Amino acid sequence: MIPLPEPMRRALAAAAEAAESDEVPVGAVVTRGDTVIAVAANAPRRLHDPTAHAEILAIRAAAAALGRDRLEDCDLWVTLEPCAMCAGAIAHARIRRLFYGASDPKGGGVEHGPRVFAHPTCHHRPEIYPAIGESQAAALLRTFFAARRGGPAAR
């Protein structure tokens, strides 16, 4: 088995921390070259903010750390396919490459649902690399939602 890249391992760790806080287990990391600029976990419940998805929080932190609104030389690593809101933020931030783990047929906005980057009105399209750490990310999500339903985790 090929080892996961360090940014995805860190995103998975952030997702696990989100689950421990009763948040949907999604983690995101922004890198610039080999340097990690920001790490974030889902926090809508904790922050009482429906926009506090891991991707949004990581993009905000990276933009603040770099002192600019465009992150054209940065990559985003996230454990779950971004929703339409997050895909829009990725486009506006001019993220260079998007790496994500599990696909999201119900709420995804990249390869599912609205497919934000496919629209002609989308001014920036990152390079997209799906299924990085997919099994680990999917397992976190299955375990989290099975526990919320009170049943055993799916295998």
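It should be emphasised that the depicted structure is a prediction, and the values quoted were computed from it without experimental measurement.
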task = Please report the C-alpha distance between Thr31 and Arg10 in whole Å, then the side-chain angles of each, then the deciding distance to 0.1 Å, and finally whether the side-chain contact (heavy atoms from CB on, under 4.5 Å) criterion is met.
result = CA-CA 11 Å; Thr31 59; Arg10 292 194 59 184; over 6 Å; no
remark   = Residues Ala38 and Ala58: closest non-hydrogen pair is CB-O, 3.5 Å
remark   = Minimal heavy-atom distance between Phe117 and Val110, with the atoms involved, is CE1-CG2, 3.8 Å
ask   = Considering residues at least two apart in sequence or located in another chain, which fulfil the side-chain contact (heavy atoms from CB on, under 4.5 Å) criterion with Ala84?
value = Pro114, Val116
key: Where at least one partner belongs to residues 99-128, residue pairs that pass salt bridge (charged side-chain N to carboxylate O under 4.0 Å, His left out), sequence neighbours excluded   = none
request  = Applying side chain to side chain donor-acceptor pair (under 3.5 Å), name anything that partners Asp22, two or more places apart in sequence or on another chain.
outcome  = Arg148
query = Would you say His92 has more than 12 foreign heavy atoms packed within less than 6.0 Å of its NE2?
reply = no
task = Determine the minimum heavy-atom distance between Leu141 and Ala102, stating which atoms define it.
result = CD1-CB, 4.3 Å
key: Connected-component partners of Leu4 among ILVMFWY, side-chain separation under 4.5 Å   = Met8, Leu12, Val29, Val36, Val39, Trp77, Phe99, Tyr129, Ile132, Leu140
request  = Compare all side-chain heavy atoms of Tyr100 with those of Ile128 and state whether any distance is below 4.5 angstrom.
outcome  = yes
request  = Kindly compute the distance separating CD (Glu55) from CG (Leu80), expressed to the nearest 0.5 Å.
outcome  = 7.5 Å
task = Establish whether Ile37 and Leu57 are linked, either directly or via other cluster members, by ILVMFWY side-chain heavy-atom contacts under 4.5 Å.
result = no
query = Between Arg97 and Asp73, does at least one N-O distance fall below 4.0 Å, as a salt bridge requires?
reply = no
request  = Please name the pair of heavy atoms, one in Pro44 and one in Pro50, separated by the smallest distance, quoted to 0.1 Å.
outcome  = CB-CA, 4.3 Å
remark   = Taken in chain and number order and not counting sequence neighbours, the residues that satisfy side-chain contact (heavy atoms from CB on, under 4.5 Å) with Cys83 are His53, Met85, Cys86
request  = Search all heavy atoms of Pro25 against all heavy atoms of Ala18 and return the closest pair with its distance.
outcome  = CA-CB, 4.1 Å
ask   = Counting N and O atoms only, with roles assigned by atom type, does the side chain of Arg68 sit under 3.5 Å from a partner on the main chain of Arg70, one being a donor and the other an acceptor?
value = yes
ask   = Going only through I, L, V, M, F, W and Y residues with side-chain contacts under 4.5 Å, is there a path from Ile56 to Leu98?
value = no
remark   = Closest heavy-atom pair, Arg32 versus Leu66, reported as atoms and distance to 0.1 Å, is NH1-CD2, 3.5 Å
query = Can you pull the salt bridge (charged side-chain N to carboxylate O under 4.0 Å, His left out) pairs that have at least one residue in residues 86-96, sequence neighbours excluded?
reply = Asp75-Arg96
ask   = Got a donor-acceptor contact below 3.5 angstrom from the Glu81 side chain to the Gly101 backbone?
value = no
key: pair Thr79-Glu134: side-chain heavy atoms closer than 4.5 Å   = no
